[in-house]
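See structure below.
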Amino acid sequence: MRVALGCDHGGFELKQEIMKHLEERNIEYKDYGCHSTQSTDYPIYAKKVAHGILDGECDLGILVCGTGIGISITANKIKGIRAAVCTDCFTAEATRLHNDANILALGGRVVGPGLALKIVDTFLDTPFSNEERHIRRIAQIETE
Ligand code: RB5
């Protein structure tokens, strides 16, 4: 599995923790930026990560901004992306099982690194359920 990572300045420090954690777990990743705590615009990185997944460079993505909200709203505008903001492991598991979410969004100013890494593990380690009702509902997301 290859994970696409992106953040703005509000998520930079947590993204560093996530990169270290993925290295310890021998999980490959691609870092799409940003690369410092200097103020920047979260849509830039949401779009880079979303296209990294849609282009097949990566399988799943993790986006981090201050709240996880702006960066997930942006990613969810892109067809084929299902980004879920999670602040607990229950929703991280459910969004993989039920929504086949392909991006986890985290708030660097919301969750501490200990919880965030548990959420990351839950998200990455949970496969989609492949149940008919969930496949049907996900297909409906894409229609107007
Ligand atoms: C940046 O200050 C902040 O607005 C951003 O990281 C994010 O929380 C937006 O939703």
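Each ligand, and each atom within it, is numbered from 1 in the order the structure gives.
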Q: Starting at CD1 of I62, measure out to CD1 of I103 and round the result to the nearest 0.5 Å.
A: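 Here the rounded value is 10.0 Å.
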Q) Is any side-chain heavy atom of T74 closer than 4.5 Å to a side-chain heavy atom of N76? A)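 Result no, sub-4.5 Å side-chain heavy-atom pair not found.
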Can you list every pair where an N/O of ligand 1 is under 3.5 Å from an N/O on the protein?
residue: ligand 1; atom: 2 (O); partner: R109; partner atom: NH1; Å: 3.3
residue: ligand 1; atom: 6 (O); partner: D8; partner atom: OD1; Å: 3.4
residue: ligand 1; atom: 6 (O); partner: D8; partner atom: OD2; Å: 2.6
residue: ligand 1; atom: 6 (O); partner: G66; partner atom: N; Å: 2.7
residue: ligand 1; atom: 8 (O); partner: G66; partner atom: N; Å: 3.3
residue: ligand 1; atom: 8 (O); partner: T67; partner atom: N; Å: 3.0
residue: ligand 1; atom: 8 (O); partner: T67; partner atom: OG1; Å: 3.1
residue: ligand 1; atom: 10 (O); partner: T67; partner atom: OG1; Å: 3.2
residue: ligand 1; atom: 10 (O); partner: G70; partner atom: N; Å: 2.9

Q | Stacked cation flag R2 on Y29, 6.0 angstrom / 45 deg | A |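 No, R2 does not sit over the ring of Y29.
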Q) Who else is in the cluster with I69 when I, L, V, M, F, W and Y are joined by side-chain contacts under 4.5 Å? A)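 Noted: I69 shares its cluster with I73.
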Q: Return the set of residues passing side-chain hydrogen bond (donor to acceptor under 3.5 Å, both in side chains) with T122 (not counting sequence neighbours), or none when no residue passes.
A: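 side-chain hydrogen bond (donor to acceptor under 3.5 Å, both in side chains) list for T122, sorted by chain: empty.
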**Q.** For D121, side-chain hydrogen bond (donor to acceptor under 3.5 Å, both in side chains) partners two or more places apart
**A.**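 Testing D121 for side-chain hydrogen bond (donor to acceptor under 3.5 Å, both in side chains), a comparison that skips the adjacent residues, returns H21, R25.
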